[in-house]
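Within every chain, numbering begins at 1; the chains are lettered A, B, ... in the order of the sequence lines, protein sequences first and strands thereafter.
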Amino acid sequence: MIQQLILAELEGHVEALLAAYAAERPAQLKILTEHPAHPEHGDYSSNIAMQLAKIVRRSPLQIAGELQSRIEEGGSVQGLFRKVAAVAPGFLNFYIDWNVWASGAYQTEDKQRMRREQTKVLVEHTSINPNKAAHVGHLRNSCIGDTLTRMLSHAGYQVEVHNYIDDLGNQLADTVVGILHTQSEGTFLRFGDFCWETYAKVNQAYKAQPELAEQRAVVLHAIESGTSNLAWMGALVAERIVREQLEEMKQFGINYDVLVWESSIVRAGFWDTTFELLSRTNMFHKVTEGKLAGCWVLKQAEDSADASTDSQDFQGDKVLVRSNGILTYTAKDIAYHLWKFGLLENDFVYKKWEDGLWSTAAEGRKKPIGHADMVINVIDYRQQYPQEMVKLALEVLGYEKQASQLKHVSYGVVSLSPGTAAGLGIDTSDGKGSYAMSGRQGIGIKVTDLLDRMEQVIDAKRSRKAGISSRAIAAAAIRYYLLKYQLQTEVVFDMEQATEVTGNSGVYLLYAYTRANSILDKAQKEPRLQAIQAHFAGNLLEEPEYQLLRHMAYWPETLDNATDQLAPSLICHYAFELASLFNHFYSACPVLKGNEDRIAHRLWITQLVRSRLHQALELLGMPTPKRL
RNA sequence: GUCCCAGUAGCUCAGCAGGAUAGAGCAUACGCCUUCUAAGCGUACGGUCGGGGGUUCGAAUCCCUCCUGGGACGCCA
């Protein structure tokens, strides 16, 4: 990687320079490179001279000059740079020699790969309540999780994808109560749509008939005990919904390795073991008096507990076992996470759900699933606190290393724009900037509805309909839309904006990719062009081509950053920029015109762009069609 | 009450291990298809980076403070 090459080079020179001035190296000194915004500032730059100025008491420009001569004496970093310049106020700018770069000599082996191949990462995502159809908010979760999975696999990690199914929860019980006690006249294509409405209806009914709420407790109890008509009903609803949700996700290229059912966690006795382990620590105990009398709680760290002694309403201890003996969600999650890291003696057994997908089950076979070195949970930011509790439990039990390898990928929720909310019949007269989706109220954009809508938009736009289906394009466009935002951004979903097929959209990327394919296809088919061997020619390099090469040179560090930071949006930005530069190149530099040398040169560039875009699209879980 | 996140163009968002002239897309107005896919390309318009202090050679980026919006702190999941 070029960036690492420069850093290693600078590292040596900075050490030597500090020694020459008899200066100590401060701990906070960071040698960094950046991609200059303006090409005249080179392809890479460093501000290290300005940082050193204070330390060695020389002008930044003078230091930059000294570093420049040292680098030049050493051969300009393996000859990769044609020029290294020291410029005011003290930047050190590196200019790539594109002939060298094009030869592939810039590539360095990935030292981290070995370590990664021995690291097993368990990614949990989707985890939708199995009681109704999925909405866009759920889809954002799945798209993020699936893209992270692709990125981590690509980086060399062993990755296992889990989808956690809460088949013992209140929400499932609600839907069952709804099926039994509310009426529905509509016709529904899918069970999930029916449940969507039924779930909303039952929540409405609870307000009018408080006695219905007691029914929920009855159903919940039945589901947990697993031995009655109601239990079967719950199980059937959950299974049917999960099947539909998996089908939906499959259309977006999202797949899983394992379904983990909450009922399996309970049945396998994970909690009993966890309880044993926690009881041996002094941070877990039964409360004997006060508000939480009779509960088993996990104690917060002392300092934060002290700080909140004033207020009675808020306290830091987390209940794991209720006074009636029933576990909280967090308790089960702690047990599950101990299992994820292979720290429990208990284990699941599995049965095959479908090809390539296993499910925990009451009876089945053992599998080498779990035992992760790193755990990644894709969950929206509202669950930050419970996630911290799980981490805290690991720490309390002395599993510091595992706690540090438990990563909560926290992302912002998806809400609705005023326009889109109004389209769903919501009263927007209060003038809010966005409106929350709510399963309870039946407010939200369902995944399949969105896909249908987008498919229509795409279909209306298409002139020729060969190859990839409009639905596949639609799915890719939606996927891109949900991935392009930075994770913490709360996406304000707007139907008009989401179904956009121009500009910074998934369709734009696909279009650029097929465009490159179209050129390369033509070059292969035309007899006149077949003989031409693509190769790079530095003397023919024009501005739009240079811009493209420069951006392509940045790919390794972009990918690396995105993987380290678990940030899919970085790949989106990179891919959009690449597509944009390619479209510019396309209009300014006809590939298949002109003399043979030029054609060969531009074909070479086009090939490289295609393979980069291909890589980016695959990481983003988008299709790579030859034609649109 | 405590803590967390956000506030950048009319709208939706990038940029935020301090850097060189603050960027996209959409919207609006123009221009470009007998030439490799016009789902494209180009031009224009659009900003006291929420307000105020501070740190320094340099602040959208770091610190303090205030304002506004969202979230968490449950014997829900």
**Report entry** Closest listed nucleotide, where the reference is the side chain of A:Tyr381 and the choices are B:C75, B:G71, B:A39
**Finding:** B:G71
**Report entry** A:Thr499 versus A:Glu496, side-chain donor and acceptor atoms under 3.5 Å
**Finding:** no
Report summary line: The complete set of salt bridge (Lys or Arg N to Asp or Glu O under 4.0 Å) pairs with one or both residues in residues 567-584 of chain A, sequence neighbours excluded, reads none
Query raised in the report: Which of parallel (below 30°), tilted (30 to 60°) and perpendicular (above 60°) describes A:Phe582 and A:Phe585?
Result: tilted
Requested in this report: Rounded to the nearest angstrom, tell me the gap between atom OH in A:Tyr485 and atom P in B:C26.
Outcome: 13 Å
Report summary line: In whole angstroms, the gap separating C1' of B:A77 from CG of A:Asp333 amounts to 10 Å
**Report entry** Gap between atoms NZ and C1', on A:Lys332 and B:C76 respectively (whole Å)
**Finding:** 11 Å
Query raised in the report: Taking the side chain of A:Val319 as heavy atoms from C-beta outward, which of B:C36, B:C57, B:C75 is closest to it?
Result: B:C75
Report task. Answer with yes or no whether A:Ser505 presents, from its side chain, a donor or acceptor under 3.5 Å of a partner atom in the base of B:A39. Result -> no
Query raised in the report: Is there a donor N/O on one and an acceptor N/O on the other, under 3.5 Å, for the side chain of A:Tyr511 and the base of B:U37?
Result: yes
Query raised in the report: Are any of A:Gln486's side-chain N or O atoms less than 4.0 Å away from OP1 or OP2 of B:A14?
Result: yes
Query raised in the report: Can you find a donor-acceptor N/O pair under 3.5 angstrom joining the side chain of A:Asn583 to the base of B:A39?
Result: no
Requested in this report: Kindly say if A:Tyr480 contacts the phosphate of B:A39, meaning a side-chain N or O under 4.0 Å from OP1 or OP2.
Outcome: no
Query raised in the report: With a centroid cutoff of 5.5 Å and a plane-angle limit of 30°, would you call A:Phe91 stacked on B:A20?
Result: yes
Query raised in the report: Any idea which of B:U56, B:A39, B:U12 is nearest the A:Val492 side chain?
Result: B:U12
Query raised in the report: Do A:Glu526 and A:Gln530 get their side chains close enough for a donor-acceptor pair, meaning under 3.5 Å?
Result: no
Query raised in the report: Choosing from B:A77, B:C36, B:A20, which nucleotide comes nearest the side chain of A:Ser45?
Result: B:A20
Query raised in the report: Closer than 4.0 Å, any side-chain N/O of A:Thr502 to the OP1 or OP2 of B:C26?
Result: yes
Query raised in the report: Under the criterion side chain to side chain contact (heavy atoms under 4.5 Å, CB included), which of A:Leu509, A:Asn517, A:Leu510 is the partner of A:Tyr513?
Result: A:Asn517
Query raised in the report: What about A:Ser518, does its side chain sit under 3.5 Å from the base of B:C36 through a donor-acceptor pair?
Result: no
Query raised in the report: Which nucleotide sits closest to the side chain of A:Asn504: B:G25, B:G71, B:C75?
Result: B:G25
Requested in this report: Based on the glycosidic angle (syn within 90° of 0, else anti), state the conformation of B:C33.
Outcome: syn
Query raised in the report: Are A:His573 and B:A24 close enough that a side-chain N or O sits under 4.0 Å from OP1 or OP2?
Result: no
**Report entry** Separation of B:A14 P from A:Glu490 CD (nearest whole Å)
**Finding:** 11 Å
Requested in this report: Anything under 30° is parallel, anything over 60° is perpendicular, the rest tilted; go ahead and classify A:Tyr508 against A:Phe576.
Outcome: tilted
Query - Separation of atom CD in A:Gln3 from atom C1' in B:A17, rounded to whole Å - result: 12 Å
Query raised in the report: Rounded to the nearest Å, what distance is computed from the CG atom of residue A:Asp494 to the P atom of nucleotide B:U12?
Result: 9 Å
Query raised in the report: A:Arg515 has an atom CZ; how far is it from atom P of B:U35, in whole Å?
Result: 13 Å
Query - Between P of B:C16 and CD of A:Gln488, the distance in whole Å - result: 12 Å
